[in-house]
Every structure is written in structure tokens, then in C-alpha cells.
Amino acid sequence: MKPTLLLLMCCVLLLPVQAYEGETKVHVLDNGLVVIMKETHVAPMVSFQAWVKAGSITEREKTGSGLSHYFEHMLFKGTSKYKPGEISQTIHKAGGADLNAYTTFDRTVYHFTVLSEFTDTGLDVLSGMLTDSVFDPQEAEKELLVIIKEINMVKDEPSRRLFQELFATSYQELLYRHPVIGYEDAFRKLTRDDIMDYYRTMYSPSNVIISLVGDFELALMTEKVNSYFSAWKRLAVPPPQMPEEPAQLSYRYREIEDQVPFPRFYMGYHTVDMFHPDAPALDVLSGILGSGDTSRLYRRLVETGTAKAVSSSTFNPRQGPGLFTVMAFFDEKNYSAVRSAVLDEINLLKEKEAAPAELAKVKNSIIAGEIFDQESISRQAATLAGSYFYTAGLDMDKKYIEKIKGLSATDIKRVALKYLHFDSLSLVQMKPRKERSTLADLKQNARETSVVFDVREVTLPGGAVLLLLEDHKLPIISASATFIAGLLCETATENGISSLAATMLTRGTASFPRRSIDELVANTGSLLNASSGHNTLQVELKTLKDNFSQLWPVFSGIIKENRFTDEDFSREKALHIAGLQNADQDINKRCDKLFRKLIYAGHPFARPVDGTESSVAGLTALNVSEFIAKHMMPSNMVLSIAGDFSASEMELLVRKTFDTSSGKAFQRPPLSSPVKLDRVLSETEKMPDKAQCIVQLGFPGVNNTHDDGFVMDVISQILSGLGSRLFENLRSKHSLAYSVGAWPFKGFDTGSFYFYIATVPEKREFALAKMKEEIEQLKKVPVPPDELEKAKNKIAGGEARKFQSTLGLASDLGLSRTYWGDWRPTFTVKDRIKAVTSEDIMRVSKKYFDLDKCVIAVVEP
């Protein structure tokens with residue numbers, strides 16, 4: 001850009017934002033109604049807006065019904081004075097324009113503009129709508145059908161549906177996850193009592209802001225407002241109830257299908273609310289990345305023909321985290337190019353500050369848009385109402401402009417680094433319905449995957465292995481301690497002890513009682529847990545860097561000096577048994593239990609990982625304490641720590657904490673021979689109260705370090721999930737299954753591979769036959785290249801994603817070092833998966849999937 005033009009652009013930012021001519025007054029009636037009036041004589045018109053603090057997040061027990069949106073329709077349908085259809089006719093006769101309404105998460109807004117000579121008409125109509133709507137039953141029935149059609153239109157409009165799916169995926173607790181328009185089932189259940197109760201509570205004068213801008217005299221308008229609205233009775237408005245959104249700790253992905261000509265995706269990073277100081281910088285960041293035809297993404301993707309459309313935007317709500325979103329449409333062949341370009345551009349914003357000209361351009365655009373809005377009296381009315389709605393003041397727009405003007409390129413880079421990280425990202429992809437679905441490997445080819453992971457391995461005096469990985473992208477530190485334990489190390493009489501021990505680990509240490517641990521974790525927003533599986537027991541911590549010094553003594557104390565009270569043990573044991581009783585009524589878990597008994601006969605894996613009711617009932621607090629002491633010893637520990645720290649300083653801290661110079665060597669459990677079968681083992685169990693039939697067909701497999709295990713992982717992806725072979729054949733084609741899939745299990749010394757289907761009893765044999773057909777197909781016909789690539793990419797995507805979570809990485813490093821004796825396989829799984837060929841799949845299928853030597857477990861009514 002030429003220097004003179006850059007100078008001119010920068011000068012624009014120095015121009016003061018002139019208030020549009022006219023005097024403004026805020027008038028609060030005795031009943032609590034706020035009326036904002038601005039006298040301006042630029043045109044002989046008056047704009048009316050009523051902002052009601054009633055949106056989809058204020059519907060309380062009717063959340064998801066679309067009740068607020070229903071009012072958007074019904075308030076125009078008649079009052080005691082104006083019969084159905086007369087409101088619109090009256091406003092139009094008054095020279096009216098923009099008669100309409102809209103509903104959002106937190107408000108419903110009614111607006112129209114009339115000639116100033118009809119100001120009384122406007123006030124009469126607006127007051128009648130707000131205070132005297134009759135909700136005529138016949139009109140209500142008509143609008144019910146209209147809204148149902150609107151709900152269906154949203155379903156049929158791919159972009160709106162995709163937008164709703166993104167919010168439903170991004171938010172787990174906040175009410176933004178529900179569509180403003182509501183769900184059809186919930187909407188149909190609304191009664192007239194529901195409607196009238198909502199009207200009598202939310203449509204109270206104290207819950208409404210009226211904004212009037214136009215050709216009138218303030219003193220006279222004040223008198224008119226009092227005349228039309230002072231009799232409106234104040235009602236009790238229930239306080240808003242908004243749950244807190246838990247921090248998003250990992251990437252979320254969802255894939256849907258629809259009748260669309262080409263794929264599209266919507267991705268969103270969790271950010272901030274509208275009052276956060278970083279909100280303006282995120283708006284500018286969005287402008288640089290994907291707002292307008294001169295944005296980075298538009299030039300890179302649309303101008304080159306790689307994408308059909310692309311844009312970015314921000315959602316900064318009044319309460320709770322917002323979203324920074326990117327949307328793109330593209331041809332299927334360009335999906336990888338589009339996703340990589342988006343991630344690449346985001347990373348460029350993190351790595352390098354925006355050029356002065358680019359920053360000035362976007363800031364000017366935002367400021368100009370704010371100023372241009374003031375040309376229209378209807379926009380002025382909206383701006384004034386919005387400012388008061390959110391801040392109880394009238395200068396929110398001016399303050400926003402000042403903040404935009406003060407932003408630097410450093411600010412933009414800072415917020416990109418702070419918020420646009422992978423753990424806070426959700427992505428929803430929509431694909432043409434007839435195409436087979438593909439799980440997006442979002443991180444493939446992104447810059448993050450090119451990071452070289454420099455892991456420092458140290459052996460401590462007591463035999464523990466310490467793995468340290470510095471990761472400074474966020475102020476987070478995660479730690480994972482991995483021990484050989486789990487089901488593999490249990491006897492029949494103590495089955496479930498490892499699972500119960502994992503629960504008790506966080507219930508107290510010698511220095512921190514349970515309540516202190518719970519409060520510290522909650523107050524710092526940290527994650528602290530312990531878990532046990534088939535082969536290992538892990539203790540994990542994830543916390544902000546500033547809180548690490550408080551949490552480290554708790555984490556290390558759990559490992560070194562676990563203490564729990566008899567009272568806590570009795571309570572947790574009772575809860576554990578209750579969970580087992582509940583699981584025993586789960587038909588899927590019953591079938592898996594039966595399958596284990598058959599295929600792992602004589603091996604610890606034949607028992608349930610959480611134990612049985614009788615085995616857990618026999619466990620004592622002493623049993624659990626001894627199990628912990630036996631397995632959580634230094635020589636059996638791999639301690640992996642990843643995050644924002646100095647490796648040398650962290651090593652000193654760990655050495656000081658775990659200063660055992662000698663220790664008893666851990667005795668690994670003896671490894672059993674791999675499971676072998678010489679015939680078909682089949683058993684059926686009855687659950688008379690169930691409707692469906694569960695079938696598991698399985699074969700002996702491999703341990704967790706065998707090369708063929710990677711091939712089995714790919715086979716699982718070919719067979720499982722939406723659009724997979726089993727889904728298409730058994731569910732879509734023959735309607736045999738409620739759910740279907742195939743998965744490998746790999747333990748320290750042995751494993752299995754099983755096929756699963758949930759069907760109806762009368763179709764059991766046919767479903768089993770079709771599963772066997774798919775197994776034989778794997779042996780005889782090479783998997784087509786595109787199908788193979790899709791399956792491998794699904795796994796590779798999961799591997800790539802784990803690199804973005806410090807806790808996921810720390811955990812995986814510990815497991816890899818425990819299983820393989822080396823942490824490096826953590827970073828080579830993707831390459832080993834990519835190396836799998838169709839010949840490998842045929843070879844492994846022939847080698848392991850022998851239908852004459854298999855297990856068939858069935859649970860049915």
C-alpha cells in the first residue's frame with residue numbers, strides 16, 4: 001500500500017465520532033419502565049422500539065420451547081382495541097415502515113416507524129401490544145402451524161441448521177446450546193396457561209426498554225409516554241437462571257449429513273463475553289481473518305476458487321464464553337485445502353503481527369459501520385436501546401469505538417494466541433447426504449503438527465521415570481502418573497479393587513483431607529482425577545500455571561501418602577456397588593460381560609473391569625490401601641509432565657518431591673499366553689424385560705504393541721461409524737440394527753477384536769449372517785483406496801488432536817513409556833497407521849477372523 005494512502009487511513013481513525021444531532025433523555029416511570037427519547041428533526045418520522053428482556057435463555061422450565069419467539073408472532077395478532085390484522089393495517093396507514101420483531105437469546109424486540117404526525121397512533125399500538133395483547137385462540141393455533149413450518153425451514157436451511165449444531169456442540173451447559181426458535185416437540189406442548197403466565201411475568205414494565213427517536217419535542221413526548229404507559233402494572237420478574245459453562249478441555253467434532261450440493265463447516269473457538277476487554281480485539285481479528293472481500297481467507301480461498309464462500313465472525317454474549325467462528329463452503333475435493341488454509345491463517349495471526357495498513361483498514365471498517373448506523377433513526381433507536389439494555393448507559397457504542405481505535409497489532413496477536421487454540425475448538429461439518437461420512441483430521445497439515453516435541457527423559461533414584469515436555473502456547477501445566485495396575489493385577493476375590501482404589505486416591509492425603517482437595521480444585525478450576533483400566537492406573541492433574549504450586553503438593557501427596565477415612569471409603573464403596581447394580585441392568589454391559597467370560601476364560605480380562613457386586617462387597621479399606629502401596633511405588637511409576645514450565649526447574653522440583661534414593665523393585669504381573677480358540681463358543685443370556693437383542697461376535701486379537709494392532713485399528717474404522725460398511729449394510733440397507741460397529745481391544749499380553757450389533761430378536765440370525773458376510777469380504781476383496789484413506793485419516797486425526805492438549809499428551813507419553821518402554825511411539829502412531837495397506841487388511845483378516853474359532857455372545861429378551 002502506498003504510504004500516502006496508509007497515512008490517510010490512519011488519519012480517519014483520529015476523527016472524532018460526532019453524535020448525531022438531537023437531545024437525548026432517559027425517562028424512568030414509577031412502574032420501572034425505561035423510555036429513551038431522542039429528539040431529532042432530520043426527517044418527519046418517529047421510530048419506535050421495545051426491547052423486552054425475554055429471550056430463549058429466560059424461559060426457565062420451558063427452555064427449548066421457543067416461548068419467547070412465539071410472542072414475537074403473537075403480539076401483532078391483536079389487542080382489546082385492535083383485532084387480528086388491524087395492527088399492521090394501522091401502522092401502514094400511518095406511513096409505517098419496518099413493522100417487525102425478532103427474538104434472540106436474551107431479548108425480544110418489536111419495532112416500526114411512522115410519520116411523526118401519527119406519533120399517537122404509534123404509541124397507542126405499541127402500548128396495546130405490550131400491555132393488552134389478547135392471544136386470540138384461533139390466531140394462536142394459526143401461528144402454531146406457522147412456527148412449526150419455520151422450525152422445519154430451519155432444518156431445511158443448511159447454514160442455519162449448521163449454525164445451530166455448532167452452538168449445540170460448543171456449549172454443554174449454557175442455554176445458548178438450544179435454538180432460539182425452540183424444538184418442535186417442546187413447542188407443541190405449550191399451553192395457553194404457559195403463554196399467559198409468561199406474558200404476566202416477563203412482560204412487566206420493569207423488564208422493558210422503549211426507545212423513541214425522531215421528529216418530536218421531548219417535553220411533549222414525555223407527557224405522551226406517561227399517558228400511555230403509567231397505568232401499566234409492575235409485575236414480579238423471576239431472576240435469570242444461567243448455568244455455568246465448564247471449561248472446554250479438548251477439541252469437539254461433529255459430522256452431519258443433509259441434502260446439500262457441497263460440504264460446508266462451521267468452527268468455533270470459545271472466547272469471552274461482551275464486557276471483556278478483549279472483545280473488541282477479537283472483532284478486529286475477525287475482520288482481518290474473514291470479514292469482507294479483502295480479508296485473508298477470502299483472498300486465499302474464494303479468489304483462488306478453493307472455497308465457494310468463507311467468513312468469520314464473533315459472538316460475544318452478555319454472560320458466559322462467546323465464540324469466534326469461521327464458516328466455509330467448498331467442493332468435497334477441496335476440504336483438506338480449505339481446513340488447512342483456515343488453520344494456517346489462524347497460526348499466521350499468532351506468529352506475526354498484522355501489517356499497519358491491514359489493521360487500519362479493518363479498524364476503519366468497524367468504525368465506519370458504527371457511524372453509518374447513525375444515519376437512520378431506526379438504527380439510532382436500536383443503538384440507544386441496546387446500549388441501555390446491556391450497560392444501563394447510552395454511550396456503549398462510543399466507548400466501543402474508542403477501544404477499537406486504541407487497539408494495536410500486538411493486541412490482535414495476543415488475543416489470537418490466547419483464544420484460538422485447539423482445545424477450545426468445536427467443528428461441525430455438513431456433508432451431502434449420499435456421501436459416506438469422513439471424520440475430519442482437522443490438525444493434519446496444520447502448522448501445529450510440524451512442532452518438534454523435545455521430551456526429556458530422566459530416571460529418578462527410586463526407579464521412577466520422569467518425562468518432561470515444555471509447551472508454552474498456553475499457561476497450563478498437566479501431569480500424569482502412570483502405574484501398571486488395573487484388572488490385569490487383580491485376583492478373582494479382589495476383582496474391582498483397582499477401580500475402587502482410583503476413586504479413593506483423590507479422597508485425601510496425609511496433608512490434605514478430602515474437603516480441602518475438593519475446594520482447592522474447584523476454586524482454581526483445575527482438573528484432578530484418578531482412573532483405572534485393564535492394564536494401568538493413572539493420576540492426572542491439569543491446572544493453570546499460576547495455580548500449579550498449590551496443586552503440586554496435592555498431586556504428589558496422592559502418589560506418596562494417600563490417606564482416606566473409613567467414612568469416605570464406606571460411602572464410595574456403597575456408590576461403587578450401586579453403580580455395578582445399575583450396570584447389571586444395562587443389556588449392552590451384560591453382553592460385554594458374557595463375551596469377556598467366554599473369550600478370556602482363565603485370564604484376568606475375563607472379569608469385569610469394575611468388579612462384581614460380591615467381589616467389591618468383600619473389599620476393605622485395608623485391602624485398598626495395601627493395593628495402592630503395592631502398585632504405586634517409584635519403580636512402577638512413569639511421571640510425565642507437559643506444559644508451560646522450564647524443564648530444568650521442573651526436574652529439580654520433582655527430584656525434591658520424590659527424593660527416594662532406593663526402593664523396592666516392582667514385580668510385574670506374569671504375562672499370560674495370547675488367547676486361543678479351537679472352536680466356536682456361543683452362549684445366550686436372557687433379560688426378559690428388554691426389547692432389543694445384543695450380539696457380540698469376536699476373535700482373539702493381539703497385545704497393545706503388536707504391529708497387527710495398527711491394522712486392526714484401521715479395520716475398525718472401515719467397519720464402524722456413520723457411512724461405514726456395517727452401518728450401510730446392516731442398518732441402512734437391511735434395517736437390522738439400532739447400532740452396529742467393530743472394535744479391537746489390546747491389553748498387555750493379549751487382546752480381542754469383536755463385532756457388535758443391537759437388533760431385534762427375530763432378526764438375530766440374519767444380522768449375524770450379514771456380519772459374517774462383511775468379515776469374509778475383508779478377506780477376499782481389497783479395500784478401495786478412498787475408503788482406506790478415509791479410515792486412516794480418522795485415526796490420524798485423533799492422533800493429531802492429542803498433541804493440542806497438554807494433559808492428553810502427558811497421559812499418552814506415560815502410557816507409551818509403560819507399554820513400549822519408550823515414549824517415542826506417542827509421535828509415530830500416525831505414520832504407522834498411514835503405512836497400512838489393503839493387503840495388510842486382507843492378511844490380518846485372514847489370520848485372525850476365523851469364523852470356525854470365534855466367540856458369539858448374545859443377550860436377548
Side-chain angles (χ1 to χ4, degrees), residues 247-251 421-424 443 448-449 451-460 464-486 502 505-506 521 524-533 535-549 551-559 632 634 636-651 653-655 657-658 704 798-830:
Q248 182 170 331
L249 302 178
S250 63
Y251 163 66
H421 53 86
F422 196 68
D423 289 346
S424 72
K443 292 305 295 172
E448 285 91 342
T449 61
V451 175
V452 175
F453 292 97
D454 184 13
V455 178
R456 177 189 294 191
E457 178 173 333
V458 179
T459 300
L460 301 177
V465 174
L466 172 64
L467 304 174
L468 298 173
L469 174 59
E470 294 186 29
D471 182 351
H472 300 288
K473 71 176 185 292
L474 287 171
I476 297 173
I477 298 178
S478 296
S480 177
T482 304
F483 306 87
I484 297 174
L505 283 172
T506 58
V521 171
T524 59
S526 302
L527 184 153
L528 177 68
N529 62 33
S531 60
S532 176
N535 311 286
T536 58
L537 185 152
Q538 285 189 304
V539 182
E540 297 179 331
L541 167 68
K542 184 172 185 177
T543 187
L544 294 176
K545 180 180 180 179
D546 289 346
N547 298 325
F548 181 75
S549 60
L551 272 299
W552 174 252
V554 177
F555 175 79
S556 58
I558 287 173
I559 297 169
M632 294 181 64
N636 188 35
M637 180 172 72
V638 176
L639 176 60
S640 44
I641 307 176
D644 187 15
F645 58 81
S646 162
S648 57
E649 293 177 1
M650 184 63 74
E651 181 182 341
L653 174 64
V654 173
R655 286 184 179 277
T657 304
F658 298 98
N704 49 27
E799 290 298 312
R801 286 192 292 276
K802 74 185 179 187
F803 295 155
Q804 304 310 304
S805 167
T806 53
L807 182 56
L809 203 46
S811 175
D812 206 75
L813 284 169
L815 291 172
S816 181
R817 181 61 173 78
T818 301
Y819 293 150
W820 297 77
D822 187 358
W823 53 263
R824 291 170 183 81
T826 294
F827 305 107
T828 61
V829 171
K830 177 181 172 182

J.: For the CG atom of L815 and the CH2 atom of W820, what is their distance to the nearest 0.5 Å?
T.: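 L815 CG to W820 CH2: 12.5 Å, rounded to 0.5 Å.
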
J.: Output all residues satisfying side-chain hydrogen bond (donor to acceptor under 3.5 Å, both in side chains) with S556, sequence neighbours left out; order by chain, then residue number.
T.: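 Partners of S556 by the side-chain hydrogen bond (donor to acceptor under 3.5 Å, both in side chains) criterion come out as none, since no residue qualifies.
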
J.: Just by distance, do the side chain of S640 and the backbone of S480 share a donor-acceptor pair under 3.5 Å?
T.: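 Checking the backbone N and O of S480 against the side chain of S640, a donor-acceptor pair under 3.5 Å is found.
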
J.: Is there a side-chain contact between D423 and I476, using heavy atoms and a 4.5 Å cut-off?
T.: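 In short, these two side chains do not touch, never coming nearer than 4.5 Å.
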
J.: Can you name the nearest heavy-atom pair linking S478 to K542, along with the distance?
T.: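 So the minimum-distance heavy-atom pair works out to OG-CG, 3.2 Å.
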
J.: Nearest 0.5 angstrom please: L460 CG to M637 CE, how far?
T.: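 Spacing of CG (L460) from CE (M637) equals 6.5 Å.
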
J.: Run Y819 and N535 through side-chain contact (heavy atoms from CB on, under 4.5 Å) and show every step you take.
T.: CA-CA 9 Å; Y819 293 150; N535 311 286; 3.7 Å; yes

J.: Do L467 and V465 make a side-chain contact, defined as non-hydrogen atoms from C-beta onward lying under 4.5 Å apart?
T.: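 A side-chain contact under 4.5 Å exists here.
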
J.: So do the side chains of W823 and L469 get within less than 4.5 Å of each other, counting heavy atoms only?
T.: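 A side-chain contact is absent here, since even the closest heavy-atom pair is not under 4.5 Å.
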
J.: Can you confirm whether D644 sits close enough to F548 that some side-chain heavy atom of one is under 4.5 Å from a side-chain heavy atom of the other?
T.: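 Not touching, per the 4.5 Å side-chain cut-off.
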
J.: Taking side-chain contact (heavy atoms from CB on, under 4.5 Å) as the criterion, tell me which of L807, L527, L551, V554 meets it with T543.
T.: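 Answer after filtering L807, L527, L551, V554: L551.
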
J.: Under the side-chain contact (heavy atoms from CB on, under 4.5 Å) rule, what do T506 and I558 come out as? Steps first, then yes or no, please.
T.: CA-CA 7 Å; T506 58; I558 287 173; 4.1 Å; yes

J.: Is there a side-chain contact (heavy atoms from CB on, under 4.5 Å) between F658 and I559 once you walk through the steps?
T.: CA-CA 10 Å; F658 298 98; I559 297 169; 3.9 Å; yes

J.: Assign the ring pair F422 / Y251 to parallel, tilted or perpendicular, where the plane angle (0 to 90°) is split at 30° and 60°.
T.: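 Parallel, since the angle between the ring planes stays under 30°.
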
J.: Check whether any side-chain heavy atom of R655 lies under 4.5 Å from a side-chain heavy atom of L466, and answer yes or no.
T.: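 In short, these two side chains do not touch, never coming nearer than 4.5 Å.
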
J.: Looking only at heavy atoms, what is the nearest atom pair of S424 and Q248, with distance?
T.: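 Nearest heavy atoms, S424 then Q248: C-NE2, 3.4 Å.
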
J.: Taking it one step at a time, do F645 and E470 satisfy side-chain contact (heavy atoms from CB on, under 4.5 Å)?
T.: CA-CA 6 Å; F645 58 81; E470 294 186 29; 4.3 Å; yes

J.: How long is the straight-line distance from OG1 of T826 back to CG of L809, given to the nearest 0.5 Å?
T.: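 Nearest 0.5 Å value for the CG-OG1 distance: 7.0 Å.
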
J.: Is there a side-chain contact between V654 and I641, using heavy atoms and a 4.5 Å cut-off?
T.: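 Yes, close enough: below the 4.5 Å cut-off.
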
J.: Keeping the roles fixed (side chain from N636, backbone from I484), state whether a donor-acceptor pair exists under 3.5 Å.
T.: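 Side chain of N636 to backbone of I484: a pair is present.
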
J.: What distance separates E457 CD from L813 CG, expressed to the nearest 0.5 Å?
T.: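 Rounded to the nearest 0.5 Å, the CD-CG separation comes to 10.0 Å.
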
J.: Do side-chain atoms of S816 reach the backbone of D822 as a donor and acceptor pair under 3.5 angstrom?
T.: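 Here the side-chain-to-backbone pair exists.
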
J.: Are the side chain of T818 and the backbone of G814 linked by a donor-acceptor contact shorter than 3.5 Å?
T.: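 Confirmed, T818 side chain pairs with G814 backbone.
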
J.: Is there a side-chain contact between T482 and R817 (heavy atoms, below 4.5 Å)?
T.: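 Contact flag for T482/R817 side chains = no.
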
J.: Any side-chain heavy-atom pair from L639 and F555 closer than 4.5 angstrom?
T.: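 Yes, their side chains come closer than 4.5 Å.
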
J.: Closest approach of P553 and S549, non-hydrogen atoms and distance?
T.: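 Of all heavy-atom pairs spanning P553 and S549, the closest is CD-O, 3.1 Å.
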
